Every structure is written in C-alpha cells, then in structure tokens.
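Below is one structure, written out as structure tokens; comments come after it.
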Amino acid sequence: MNMLIQQVQMVNEEGKIVETDIKIADGKIAEIGNQLATEGFEIIEGKGLLVSPGFIDVHVHLREPGGEHKETIQTGTHSAAKGGYTTICPMPNTRPVPDTKENLEKINTLIKANAKIRVLPYASITIREAGKERTNLSELKEHGAFAFTDDGVGVQEAGMMYEAMQDAAKIDMAIVAHCEDNTLIYGGAMHEGKRNKELGLPGIPSIAESVHIARDILLAEAAGAHYHVCHVSTKESVRVIRDAKRAGIHVTGEVSPHHLLLTEDDVPGYDADWKMNPPLRAIEDREALREGLMDGTLDCIATDHAPHTADEKAVGIAKAPFGITGFETAFPLLYTNFVKPGYWTLKQLLDWMTVKPAEVFNLPYGKLEVGAEADLVLLDLEKQQTIDRTTFVSKGKNTPFDGVECAGWPVMTIFGGNIVWKDGQ
C-alpha cells in the first residue's frame, strides 16, 4: 500500500516536536517533508497525532505452540499491534521448545502463517530448557534464532552457562538470561520484604536474581560474550550491571513497565493479577531501576507480556502462575506517569521503546528515516482512556492496571507499509 501521512508530528533528533508529512511506498519510508505531492497515494490524516517508529519488544510470551489456551501467535501479535509494537521477540518456553532446527522451523512456519507483525523468535540455550545439555547454537542461528535464552528458568550450572557463552561469542550472538538461583527462591510467591509477611506469603529474596547476574557477568567477561539481562528488578542487580559496564564488559539490560511503576506496597492482597516473576520489589529497588534507566545502566524497556487464563489466575497469588500482560498498556502507562509529569522527555521514552532495543541487538528497525522499513505507530497524546481488560485483544486479561486512567494511546499501527491495527476497527 502506498500512503501519505499528512501534517503529523514527529520528534526530531534534538527532541523537538515538528510537523511533517511522511510518504510510504513499497513498504518503505519514501519521503519525509512538508507539503509532499499526493497523487497516487492514499491520504492518512495525521493532524493532532504523533508518529513514532513502531515499538520493539525484546521480551514477550506468545505461548504457541503448546499454550494456545493462554495466547496464540495471531492473538498475541494483534495485541502487540494494538499497543504500537511492530517487532516482538517471543521467549522459547513453549511446547515444544525451539531447541532444535526442526522445532524452530515449526515455530517459524506458524509465525509466517499467523503473525500480524514481525516476530523474531528466541531459541533455547539448553535442550527443553532443562539445563542439562546445550543446544547447537550455530545451527539454530542458521535457522532464524534471534538470540538464546532459557527464559522462565535460570541456567543453574555455571559451567553450562560459560560454555554456552563461548559458543554464542563465536557466532556473534547474544546470551539472554532470566536470572534466578533456584536454591534462593524458597517457594516464594512475591518479594521477600514487608508486604509478604503482612500477607503471610513466602517471599523471593532479591539475591535470587542479583547473585546470578553477578556470576553471569564474570562468565561473559571470560567468554567475550554479549550478555543481556531480562527484566531487571533489584537495586543490587542495577549496581552490578553498572559496575560491569564501567569495566567494559558487554552487558546490557532491560526493565519492564510494572517494575518501574509499582512496588510490593501496591499489592492489595491475594489477587494473582499482581503476581509476576521477578516480583514487585521494594520502593528503593524501583528507584534504582528508574535511576539505572536514566543513566544508561539499563538499556531499554520490555514488557515481558505473559498472558494466562482467568481460571489459572483465579486460584490466588500463592498457587497461580507468574505473569501479567503488557502490550496494550505499556506506552500509555509510561507516558502518563513519566513524560506528562516531566520526569522523562518524550524522546527518551520513544528511544527506550524503539532505538535502544534495536541497538542492543543490532536490529535494522526502530528508525524514522527515508529508506527505513515503514513500521510506524500513530499516537494520540491527548486521548484520555481508562484501561479496561475486557477490551484487550490479547487472550490474557491478567493485569494489575485495570481501571487506571491514562493519556497517550496508539490509534494506528503500520507494519511494512500496511495498516495492521486501527482504533475503532
């Protein structure tokens, strides 16, 4: 589709908002300027809207294959498109796990048939994510692996992780880690702090995460590997990542919207829509995450979109699975709580959701320039709307943000020059 977005606002390199037209042809951005010729192009009225590169989410769960009752590639990518995302990277804790070229090919076939946007799948570090036998990273790369992770579980054996990092370094690929020492989890359902004691629930201490990160950073240094840390949640984790970057070690990290916004004090009781892993931590952890994002210790924002069924979450926080949905609420929550009050600039937020994740993984996306892929989101920064889980297109309705009023909502998402989601349709 050839289209011309007229009189839309964009954030330039200096962070200023300017009005422009954007011409799209053959799936690419063909021209950016004012009063562009309209002949032969479908007109999209952009006045009053802001255009951004489509968002990139390097940590998501699509559940398919094996968990289609929670989410499918079709529903998950539809949900992502509604949230303004055009590139997402699903974790390999599916059934089967993409731990062989055959299993990865099956997933890529499903993606090709059902995805509404770009989906770049991870492959696992170990067979069945069991931590006992390494996968063939080189072969998996040849068959389309985005990077390698055993997300959902931490790789428990240091030797296993070190050897995987050595393999990944040889083929210039990233090792991505859910960091959790199983001997320190203690059957926890939420953060080990004050709130879990008030509720009489077992807690997960911060060191369960941070000691794994500290270990892995030293292994990455020895292996010469790129090591990326999933969903950082503790102040100690921020500290060791900051120290590693100062030492010149190739470590990067992401943070999720819920960890930037909420703490253990917000958990109202036994509602499992407040249960995620890592859990909501203490106020001082949240402040360290915010500081780490601002000073570059943490590189980008990723939702960790993790849908579950209502029945699975109905059993209460002690027994329910970990995880909340994130695609459809990420931008409005962050815009409302950080940009509108002046804590962040709009450019900072957009960069953390587009430019930065692309830079971390050397992706050619997240750009608003001539010749770039026409992956765009139009945002209405003035639109006020209450988060309503019943309107989610994701199968997962599990969110702690139901009923929260936000400004700044995506109203159209364009992927490869085609409209893949539009408000009201």
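Please read all numbers here as calculations on a predicted model, not as lab measurements.
Proximity of I301 to L293: side-chain heavy atoms (C-beta onward) are separated by under 4.5 Å at one or more points. M294 has its side chain within reach of Q348: a pair of non-hydrogen atoms, C-beta onward, lies under 4.5 Å apart. Looking at heavy atoms from C-beta onward, D216 lies in side-chain contact with M161 at the 4.5 angstrom threshold. Looking only at side-chain heavy atoms (C-beta outward), P410 and M412 stay at 4.5 Å or farther from each other. Contact annotation: the side chain of S52 approaches that of L379 to within less than 4.5 Å [non-hydrogen atoms, C-beta and beyond]. A 4.5 Å side-chain heavy-atom check between L333 and V404 finds at least one atom pair inside the cut-off. Proximity of T77 to I88: side-chain heavy atoms (C-beta onward) are separated by under 4.5 Å at one or more points.
Between the side chain of T413 and the backbone N or O of V377, no donor-acceptor pair lies under 3.5 Å. Looking at N136, its side chain does come within 3.5 Å of a backbone N or O of E139 through a donor-acceptor pair. In this structure, T354 contributes its side chain and L350 its backbone to a donor-acceptor pair below 3.5 Å. Checked by atom type and distance alone, the side chain of N114 never pairs as donor or acceptor with a backbone atom of I73 at under 3.5 Å. For K245 (side chain) and T297 (main-chain N/O), a donor-acceptor pair under 3.5 Å exists by modelled atom type. The backbone N or O of N398 lies less than 3.5 Å from no partner atom in the side chain of R389, so there is not a single donor-acceptor pair. A donor-acceptor pair under 3.5 Å is absent between the side-chain atoms of E180 and the main chain of E209, judged by distance alone. Panel note: side chain R195, backbone V267; a donor-acceptor pair is recorded below 3.5 Å. Side-chain atoms of D351 never come within 3.5 Å of backbone atoms of V355 as a donor-acceptor pair (strictly under, hydrogens ignored). Proximity of a side-chain donor or acceptor of K397 to a complementary backbone N or O of S394 within less than 3.5 Å is detected.
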Q: With side-chain hydrogen bond (donor to acceptor under 3.5 Å, both in side chains) as the test, would you mind laying out the steps for N93 and H61 before giving the verdict?
A: CA-CA 8 Å; N93 54 343; H61 298 270; 3.1 Å; yes
Q. Given the rule in the side chain to side chain contact (heavy atoms under 4.5 Å, CB included) test, do T94 and E64 qualify, once you have shown the distances and angles that lead to the verdict?
A. CA-CA 6 Å; T94 52; E64 186 179 8; over 6 Å; no
Q | side chain to side chain contact (heavy atoms under 4.5 Å, CB included) evaluation trace for I22 with I29 | A | CA-CA 7 Å; I22 298 177; I29 297 175; 4.1 Å; yes
Q: For C179 and V229, run side chain to side chain contact (heavy atoms under 4.5 Å, CB included): C-alpha distance rounded to whole Å, both residues' side-chain angles, the deciding distance at 0.1 Å, then the answer.
A: CA-CA 7 Å; C179 294; V229 188; 4.1 Å; yes
(Q) Run R290 and E287 through salt bridge (Lys or Arg N to Asp or Glu O under 4.0 Å) and show every step you take. (A) CA-CA 5 Å; R290 293 176 175 182; E287 298 312 302; 3.6 Å; yes
Q: Applying side chain to side chain contact (heavy atoms under 4.5 Å, CB included), run through E264 and R281 and close with a yes or a no.
A: CA-CA 5 Å; E264 59 171 339; R281 302 288 188 182; over 6 Å; no
Q) Would E192 and K197 satisfy salt bridge (Lys or Arg N to Asp or Glu O under 4.0 Å), going step by step from the backbone distance to the final call? A) CA-CA 8 Å; E192 174 63 44; K197 296 177 180 62; 2.5 Å; yes
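Note: L199 CG to Y270 OH = 4.5 Å, rounded to the nearest 0.5 Å. Distance CG/D299 to CH2/W352: 11.0 Å, rounded to 0.5 Å. Atom OG1 of residue T234 and atom CD1 of residue I207 lie 10.0 Å apart, to the nearest 0.5 angstrom. Annotation: the span from L262 atom CG to N337 atom CG amounts to 9.0 Å, rounded to 0.5 Å.
Side chain to side chain, T135 and D99 fail the donor-acceptor criterion of an N or O pair below 3.5 Å. Residues T183 and D181 have side chains that bring a donor and an acceptor to within less than 3.5 angstrom of each other. Under the 3.5 Å distance criterion, with hydrogens and angles disregarded, no donor-acceptor pair is assigned to the side chains of K116 and H78. Residues T386 and D388 bring no donor and acceptor atom of their side chains to less than 3.5 Å of each other. A donor-acceptor contact under 3.5 angstrom links the side chains of T309 and E312, judged on distance only. Between the side chains of Q384 and E405, at least one donor N or O lies within less than 3.5 Å of an accepting N or O. In this structure, a donor-acceptor pair under 3.5 Å is absent between the side chains of E71 and H308.
Geometric assessment of K275 against the ring of F322 yields a positive cation-pi assignment under the 6.0 Å and 45° thresholds. Judged by the 6.0 Å distance and 45° axis criteria, R118 is positioned over the aromatic ring of Y365.
Closest non-hydrogen pair, V232 versus S237, comes out as CG1-CB, 3.7 Å. Smallest separation of non-hydrogen atoms from A145 and F148: CB-CE2, 3.8 Å. Nearest heavy atom pair, residue P357 against residue C300, reads CD-CB, 3.7 Å. For G408 against Y335, the heavy-atom pair with the smallest separation is CA-CD2, 3.9 Å. Summarising the geometry of P121 relative to V119, their closest heavy-atom pair is CD-O, 3.5 Å, with the distance given to 0.1 Å. The minimum heavy-atom distance between I117 and T87, with the atom names listed, is CD1-N, 4.3 Å.
Crowding of K356 atom NZ: a count of heavy atoms from other residues, nucleotides or ligands under 6.0 Å not exceeding 12. A 6.0 Å sphere centred on CD of E382 holds no more than 12 heavy atoms belonging to other residues, nucleotides or ligands. Atom NZ of K383 is surrounded by more than 12 heavy atoms from other residues, nucleotides or ligands within 6.0 Å.
Comment: R63 does not engage E68 in a salt bridge, judged by the lack of any side-chain N to carboxylate O separation of less than 4.0 angstrom. One finds a salt bridge joining K194 and D265 here, because a Lys/Arg side-chain nitrogen approaches an Asp/Glu carboxylate oxygen to under 4.0 Å. K367 and D375 are not joined by a salt bridge, as no carboxylate oxygen comes within less than 4.0 angstrom of a charged side-chain nitrogen.
The side-chain hydrogen bond (donor to acceptor under 3.5 Å, both in side chains) pairs that include a residue from residues 319-329 are S79-E328, K82-E328, where partners are two or more places apart or lie in different chains. Pairs passing the side-chain hydrogen bond (donor to acceptor under 3.5 Å, both in side chains) check and including a residue from residues 247-262, sequence neighbours excluded, read H59-E254, H226-T252, H228-T252, H228-E254. Among residue pairs with one or both ends in residues 163-173, those qualifying as side-chain hydrogen bond (donor to acceptor under 3.5 Å, both in side chains) are R134-E163, R134-D167, Y162-Q166; sequence neighbours excluded. Among pairs with a residue in residues 177-221, those fulfilling ring pair (Phe, Tyr, Trp, His ring centres under 6.0 Å) read H178-H231, at least two apart in sequence or across chains.
Residues satisfying the salt bridge (Lys or Arg N to Asp or Glu O under 4.0 Å) criterion with D266, sequence neighbours excluded, are absent altogether. Partners of Y122 according to the side-chain hydrogen bond (donor to acceptor under 3.5 Å, both in side chains) rule, which considers only residues two or more places apart in sequence or in another chain, do not exist here.
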